[in-house]
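These numbers were taken from a predicted model, which means no experiment stands behind them.
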Amino acid sequence: MSNVVSSFVDFKIPSWFETQHLAGMLRGIEKEGLRVTPDGYLAQTPHSTKLGSKLTHPFITTDYSESLLELITEPKNTPKETLTMLRQLHVLVYQGIAADELMWPLSMPCMLSSDDKDIPLADYGSSNTGKLKTLYRSGLGIRYGRRMQTIAGLHYNLSFGDGLFEHWQQQSANTQTLTEFKNDKYLGLIRNFKRLTSLVLYLLGASPSVCPCFLTGREHDLERLNDSTYYKPAATSLRMGKLGYTNSVQEQLDIRYNHLPEYVAGLRRAIQTPHESFKALGLEDSEGNPIQINDHILQIENEYYSPIRPKQIAMSGETPTEALERRGIAYVEFRAIDLDPYSDVGIRLSSACFLEVMALYCLLSDSPDLLPDEEEALAINLDRVVNEGRREQLHIINNGEEELLESWMLTHLSRMQPLAAMLDAHYGGNDYRAAVALMQGKAANPESTISAQVNSDSERLGSLWQLGFTLAKLHRESLLQQTLSPNTQAKYEVLAEKSILQQAEIEADETEDFMDFIQKYR
C-alpha cells in the first residue's frame, strides 16, 4: 500500500474561490421506500393509479419491485426546497395508497416471506420500453435473488454552477473545453468522495441490524440482538457491506474514475462481456419468454453498484454512457446513503447540508488518480466501518498507514468548517455550520450516531421490526396532517392524469413485437 498517493493534504480553500462561485448549485433527491401491510409484510397490491403511471410520471415511480416506491424531486436551489418537495411527494403517496399501508422507514426490509415470488417485479405496462424495464428487473432477480433488491436507499444528486468552473478554468489557464474541464473536476470530486465513503457510512449509516427473514439461506456472522433481530454491536451500514448491495462478479471489473473516456469504456466493456454464471441461467425460460436482457457481466449501466456515479440526463433512446460521452458530466449522484428512519422523508436537513459541504471539500481538494492499490485499501476501510465502525480504537488505512478512525474523521470535519461558513454566507442562516458541528459530535461520540440509536431502540422496543413499524405509523400520522396548497394538489393531480395518458399513447403507438425488439436491443 506504500505507493498510495496522498490526497487532502493540508487543505486550504483556493485563493480565487469566493462565495459568489456557489451560485447555481442545484440538488435533488431520489428516495426509495417499501410499501408494507399492517403486519409488516410487503404489500402485494399494484402501484396506486391515483399516483399516476410509474412509466411516465416524473416524480413518483417504482424501483425494483411493484411495492418499492421511488420518489424523485426536481433539482432545487436550496436543500430546504428539496426536502419540501420530497415531503409533498410523501403526502401524495399517503393520500394515494391503501389506508392501512405504510411506507417502511428502514433501508433493510423486514417480514419477507421465504418465497421470492412474493416480491413482485415492477410492471410498467405493455409497451416495449415498459417490458424492457421489467425484464431488467427479472434479470437482477435471477442473478442476485429478489431479496437483495428490496433494500432501499437514498440518492443525493448535486451539481455546481458553470460560473464556478469558468472562473476556476481562467485561474488555472487551462486550455480544455469547459465540458472537459468540468468532467475532470467532477471526477476529482468522485475520487475524493470514494476516499471519504467510510466517513459517510459512520455518520449517516442506519442499518446496523437486520430481520432474520433477510438472512434466509445466506451465510453470515451476525449476532442475535434477540429472537427477531440479528446485528453487529458496532456496525453502521450493513446495507453497504457483504449482506447488502455487494456483488463478487463486479469486484473484478476495475472501472476507474480518472478520465471520463476510461470510465465509459470500463462500463461498456462490462456490458459487452458475457459471464459464465449468468450464461448458465439462460436467456429464456422453458416457454421461451426472456428472463434477462443478456448474459453479460452487466445487463445495462445501472446494474453497476457504486457509492457514487457521474451522471448526465439521457435523451429519449440514449444510454447513460452515450449521454455522458456526448454532453459530459452534468451532476454527481451520491448513493451510499441509508434511509434515516427517524425522518419522515428519510433524510434530515443536517445530513443534506453535510453532504453538500463534503462535496465541495471533495471538489476543491487535490485529487490524484485512484488506482487499484488505493481502491483495495479503501475497500478494507469500508468493510471495517460497515461492520465495526463504532468500535473504540478502530483504525483505518490512510496513505498506507494505520490511523485511528476518530482522529481521521475529526481532521476532515474540521477542514470542512470554513467551507460550511462560506455556504452559510451564500445561503444565509447557519444550517451548514450546524451540520458540520453535529457531525463532529457524532465522530467523537459513537453513541450519538443513527446506527447506535437504531440498535438501542430495537432493544428497547423488542425488535428491529417493532422499531420500523412504530416509526412508520408516526411518520404516516405526521404526513397525513400536512395539507398541500390547493394549487400544489391540483398540479400533482394533473401530472398523475397526464402520465397515465402518456403511457396509453406510448402503448397505442407500439407496433413492434417485443421478441424482435429485444433481439435488436441485444
Side-chain angles (χ1 to χ4, degrees), residues 31-45 47-48 62-71 86-87 89-91 93-115 118-120 146-154 205-216 222 224-232 235 237-239 243-244 338-348 449-482:
K31 186 253 185 186
E32 302 156 356
L34 288 168
R35 280 188 298 118
V36 298
T37 54
D39 58 4
Y41 283 97
L42 270 198
Q44 298 294 315
T45 44
H47 185 75
S48 166
T62 48
D63 190 83
Y64 176 76
S65 169
E66 191 67 13
S67 20
L68 183 55
L69 283 159
E70 183 173 1
L71 308 179
L86 187 58
R87 192 159 278 114
L89 296 174
H90 279 78
V91 172
V93 164
Y94 270 122
Q95 290 174 353
I97 62 178
D100 62 347
E101 284 182 4
L102 294 163
M103 272 186 96
W104 191 244
L106 298 160
S107 274
M108 300 307 268
C110 268
M111 308 302 280
L112 296 174
S113 67
S114 52
D115 187 359
D118 287 350
I119 301 169
R146 293 189 180 188
R147 196 165 296 243
M148 184 175 115
Q149 310 300 326
T150 58
I151 300 173
L154 182 140
S207 51
S209 50
V210 295
C211 288
C213 66
F214 191 74
L215 301 169
T216 312
L222 303 188
R224 274 176 181 267
L225 177 70
N226 52 39
D227 285 348
S228 49
T229 308
Y230 281 85
Y231 81 134
K232 286 203 161 176
S237 176
L238 296 176
R239 164 179 168 265
L243 273 177
D338 285 351
L339 297 184
D340 181 341
Y342 298 100
S343 159
D344 57 350
V345 296
I347 182 171
R348 288 176 243 207
T449 56
I450 308 172
S451 53
Q453 200 180 347
V454 167
N455 277 349
S456 70
D457 286 343
S458 300
E459 201 163 5
R460 184 172 56 81
L461 292 166
S463 68
L464 179 66
W465 180 82
Q466 197 58 56
L467 172 64
F469 186 61
T470 305
L471 291 171
K473 285 196 300 192
L474 281 173
H475 297 335
R476 179 177 65 186
E477 274 166 40
S478 82
L479 288 161
L480 283 172
Q481 279 164 10
Q482 300 177 37

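Between atom OG of residue S65 and atom CD of residue Q44 there is a gap of 8.0 Å, rounded to the nearest 0.5 Å. Rounding to the nearest 0.5 Å gives a distance of 13.0 Å between CD of Q481 and OH of Y94. With rounding to the nearest 0.5 Å, the separation of CG in L68 from CD1 in I119 is 10.5 Å. One finds the CZ atom of R239 at 9.0 Å from the CE atom of M108 (value rounded to the nearest 0.5 Å). Between the CG atom of D115 and the CZ atom of R147 there is a distance of 9.0 Å, given to the nearest 0.5 Å. Here CG of D338 is found 8.0 Å from CD1 of I450. Values are rounded to the nearest 0.5 Å.
Contacts classified as salt bridge (charged side-chain N to carboxylate O under 4.0 Å, His left out) and involving residues 458-473 (residues at least two apart or in different chains) are given here: D457-R460.
R348 is linked by a salt bridge (charged side-chain N to carboxylate O under 4.0 Å, His left out) to D340, counting only residues two or more places apart in sequence or in another chain. Partners of R87 according to the side-chain hydrogen bond (donor to acceptor under 3.5 Å, both in side chains) rule, which considers only residues two or more places apart in sequence or in another chain, are D344. Residues satisfying the side-chain contact (heavy atoms from CB on, under 4.5 Å) criterion with T37, sequence neighbours excluded, are D39, Y41, A43. Judged as a salt bridge (charged side-chain N to carboxylate O under 4.0 Å, His left out), and not counting sequence neighbours, the contacts of K232 are D221. In this structure C213 satisfies the disulfide bond (SG atoms under 2.5 Å apart) test with no other residue, sequence neighbours excluded. Considering only residues two or more places apart in sequence or on other chains, Y342 meets the ring-ring contact (aromatic ring centres under 6.0 Å, His included) condition with none of them. Residues passing the side-chain hydrogen bond (donor to acceptor under 3.5 Å, both in side chains) test with T449 are S451, sequence neighbours excluded. Not counting sequence neighbours, the partners of S113 by the side-chain hydrogen bond (donor to acceptor under 3.5 Å, both in side chains) test are D118. Shown here are the side-chain hydrogen bond (donor to acceptor under 3.5 Å, both in side chains) partners of Y230, two or more places apart in sequence or in another chain: R224. Partners of E101 by salt bridge (charged side-chain N to carboxylate O under 4.0 Å, His left out), not counting sequence neighbours, listed by chain and number: R35. In this structure, the side-chain contact (heavy atoms from CB on, under 4.5 Å) partners of S458, at least two apart in sequence or on a different chain, are L225, V454, L464, L467.
Between the side chain of E32 and the backbone N or O of G153 there is at least one donor-acceptor pair closer than 3.5 Å. One N or O on the side chain of S48 and one on the backbone of G96 form a donor-acceptor pair closer than 3.5 Å. Under a 3.5 Å cut-off, the side chain of H475 and the backbone N or O of P341 do form a donor-acceptor pair.
L238 places a side-chain heavy atom less than 4.5 Å from the side chain of L222. Looking at heavy atoms from C-beta onward, K31 lies in side-chain contact with L86 at the 4.5 angstrom threshold. Between P109 and C211, every side-chain heavy-atom pair lies at or beyond the 4.5 Å cut-off.
Nearest heavy-atom pair across A152 and L339 is CB-CD1, 3.9 Å. Nearest heavy atom pair, residue G40 against residue W465, reads CA-NE1, 3.4 Å. Residue F214 comes nearest to L243 through the heavy atom pair CE2-O, 3.4 Å, listed as atom of the first residue, atom of the second, then distance. Across all their heavy atoms, S207 and S237 have their closest contact at OG-CA, 3.2 Å. Across all their heavy atoms, L106 and G468 have their closest contact at CD1-CA, 3.7 Å. Nearest approach of T45 to E66, heavy atoms of both residues: O-CG, 4.1 Å.
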